[in-house]
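Data block below; observations after.
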Amino acid sequence: MDKGSSTRKRTDANEKSVSPPPAKRRQQSHTTNKAVASFFTPASKKEPEKMIWRTIKDSLLVGRYSNQAAAQATSMVRRRIAAFDFDSTLITPSSGKKFSRDASDWKWWHSSVPGKLKKLHEEGYLLAIVSNQGGISLKPDPKTIKSDQKRLADFKGKVSAVLSQLDFPITVYAATGRDEYRKPRVGMWRELLEDYDLEEADWVDLDNSFFVGDAGGREAVAGISVKDHSCVDRDFAANVGLTFHTPEEFFLQQSPQPYMRGFDPTAYINSLAESSTPANPLITKPDVLDIVLLVGSPGAGKSSFYRRYLQPLGYARVNQDILKTREKCVKAATAFIKEGTSLVVDNTNADQDVRAVWVNLAKKHAIPIRCILFTASAKLCEHNDTFRALNLGSDANPENRTMLPKLAFTSFASRYRAPKMEEGFGEIIEVDFEFAGSDAQKELWSKYWI
């Protein structure tokens, strides 16, 4: 301690007894004068909140930023819409992490982004953000409620900060579930059209509207770029009928890169029409009592095949989704055999151990058993399952089945062992998936669903 410091301490001590108490140090406040004034302003005279949030079906989060001074006249007959994904398209974490740590961890994806958006607004475009946000829950689990609430608050805070910087009207749609709203499905687009009273087909200028997103199915370029995590943004744009751009193409004017879709339903349908391969073999019913064992992934078309080809032949159906346990299925099958009715076992029957249950039942009752193997790919099966689940009440889903979790497909793939004649089958018939439905259903099936 230096001499001057010692002297100051003694002087302070001497003055403490005769001087008034020092004034408390003023604490820095984050409350602005405007906010204080607003608190004492009558509600009728307060400026309305610019950011308004609402939720739909505990799944879709919608936030609208309004600025009356920047609002546009909407008398034009046809609206041009500029829609954007959010993360990795408009913004990116400023921390350099893959995901934002909190509401303040963001920066513009590129310095040109806000200027480009403002120009679009000035040109009369309706701007919207359409984003999948699976990490957010609008119906939090009691076990994770604190972390769920934080993620939701962080997202809202980040969106509010981004839109406040732009300061012109934009609506954000965030799909938090695996339902009709999640891209590439078009639920968020339908909600957007309803919000802006644009439901009529000719009220949107689709030819001059577009969607920008980073999930474009692009392959990795060595030393330059990594592979896109999916193709859902490109597929969403195709479902709606919008021109698609990646952020690099739209903001930086880069040339388009090659891309690949995991499953293209239109290409699949067209390949079936152009194929010279003979149709699936005709399934007939022998004169004797028998068992038909279906083998294939969820979504491979087993139940539809039964209803179309086997039910008309008089086969009864045993299905574990309905009966819940294998024991109940075996009991029901035994009852059919005793009453003299041939039956179909409509389960996945992925491995030899499961199939042995039915082979042994056939041996026990001295009746033949044959296997029908469904060859649909995993992506095709996921597509079928999603299409079926999101069209409840239609001919595509007569049993009102809900969407299966991803685990249902990965579990089947891990357990699957191809059936062999040595297991005890009289024959193994391979069946490819074929679409059967009206032209309207075919058009719907041909959309991107996964």
Side-chain angles (χ1 to χ4, degrees), residues 47-68 70-72 74 79-91 99-100 102-103 106 113-114 117 120-121 125-140 145 148-200 203-204 206 209-215 232-233 235-237 239-242 390 403:
E47 183 178 334
E49 289 289 334
K50 290 186 176 181
M51 195 77 210
I52 304 297
W53 295 95
R54 61 190 172 94
T55 61
I56 299 172
K57 297 181 181 179
D58 288 333
S59 171
L60 180 63
L61 178 65
V62 182
R64 175 174 287 195
Y65 183 91
S66 300
N67 182 343
Q68 296 302 318
Q72 299 165 319
T74 57
R79 296 296 305 272
R80 294 176 298 168
I81 299 176
F84 296 83
D85 188 28
F86 191 52
D87 300 300
S88 301
T89 297
L90 298 182
I91 65 167
F99 301 107
S100 296
D102 52 39
W106 72 274
V113 171
L117 299 181
L120 289 169
H121 169 71
Y125 279 87
L126 188 163
L127 270 72
I129 294 171
V130 180
S131 175
N132 287 346
Q133 293 290 333
I136 298 173
S137 176
L138 299 179
K139 41 184 178 182
I145 188 166
D148 290 341
Q149 288 176 337
K150 182 181 185 306
R151 281 194 289 268
L152 178 58
D154 283 346
F155 178 74
K156 286 183 173 181
K158 183 166 56 178
V159 169
S160 297
V162 171
L163 301 191
S164 293
Q165 280 203 18
L166 295 172
D167 200 28
F168 49 76
I170 300 181
T171 302
V172 58
Y173 299 86
T176 66
R178 293 180 66 248
D179 53 17
E180 66 198 275
Y181 298 115
R182 185 171 180 81
K183 292 180 295 183
R185 303 150 208 163
V186 298
M188 287 192 282
W189 179 259
R190 288 198 300 265
E191 199 65 35
L192 185 159
L193 298 184
E194 184 177 329
D195 285 348
Y196 287 92
D197 296 324
L198 297 172
E199 294 98 326
E200 296 293 332
W203 287 358
V204 177
L206 281 178
S209 298
F210 58 87
F211 181 70
V212 180
D214 66 302
V232 297
D233 288 336
D235 291 347
F236 168 79
N239 281 346
V240 173
L242 297 171
L390 294 180
M403 196 182 308

Given Asn239 and Arg185, is the side chain to side chain contact (heavy atoms under 4.5 Å, CB included) satisfied, shown in steps? CA-CA 7 Å; Asn239 281 346; Arg185 303 150 208 163; 5.8 Å; no

Using the rule side-chain contact (heavy atoms from CB on, under 4.5 Å), only one of Phe84, Tyr65, Trp53 pairs with Val172; which is it? Trp53

Considering only heavy atoms from C-beta outward, does the side chain of Ile170 approach that of Val162 to under 4.5 Å? no

Least distance between heavy atoms, Thr89 atom then Val113 atom: O-CG2, 4.4 Å

Quick check for you: to the nearest 0.5 Å, what is the distance between Tyr173 atom OH and Leu61 atom CG? 11.5 Å

From CG (Leu60) to CG (Leu138), nearest 0.5 Å: 8.0 Å

What heavy-atom pair brings Ala82 and Leu120 nearest, and what distance separates the two atoms? CB-CD1, 4.0 Å

Ignoring hydrogens and angles, tell me if any N or O in the side chain of Ser59 forms a donor-acceptor pair with the backbone of Thr176 under 3.5 Å. no

So CZ of Arg151 and CG of Asp102: to nearest 0.5 Å the spacing works out to 13.5 Å

Taking every non-hydrogen atom, the tightest pair across Leu390 and Glu180: CD2-N, 3.9 Å

Check this for me: does any side-chain nitrogen of one of Asp235 and Lys183 sit under 4.0 Å from a carboxylate oxygen of the other? no

Backbone N or O of Arg182 within a donor-acceptor pair of the Asn132 side chain at under 3.5 Å? no

Within the structure provided, determine whether Phe86 and Val159 are in side-chain contact (heavy-atom separation under 4.5 Å). yes

Determine the minimum heavy-atom distance between Leu206 and Val240, stating which atoms define it. CD1-O, 3.9 Å

Classify the angle between the aromatic ring planes of Phe211 and Phe236 as parallel (below 30°), tilted (30 to 60°) or perpendicular (above 60°). perpendicular

What one should report as the nearest heavy-atom pair of Asp85 and Gly213 is CB-CA, 3.8 Å

Check this for me: does any side-chain nitrogen of one of Lys158 and Asp154 sit under 4.0 Å from a carboxylate oxygen of the other? no

Please step through side chain to side chain contact (heavy atoms under 4.5 Å, CB included) for the pair Leu192 and Met188, ending with a clear verdict. CA-CA 6 Å; Leu192 185 159; Met188 287 192 282; over 6 Å; no

Check each of Asp214, Val130, Val212 against Asp233 using the side-chain contact (heavy atoms from CB on, under 4.5 Å) test, and report the only one that passes. Asp214

Atom pair CH2 (Trp106) and CG (Asp87), whose distance is rounded to the nearest 0.5 Å: 12.0 Å

Minimum heavy-atom separation for His121 and Leu127, please, with both atom names. N-CD1, 3.9 Å

Separation between OH (Tyr196) and CZ (Arg79), nearest 0.5 Å, reads 8.0 Å

State the OG-CD distance between Ser160 and Gln165, to the nearest 0.5 angstrom. 12.0 Å

Please test Ile56 against Val62 for side chain to side chain contact (heavy atoms under 4.5 Å, CB included), starting from the C-alpha separation and ending with a verdict. CA-CA 8 Å; Ile56 299 172; Val62 182; 4.0 Å; yes

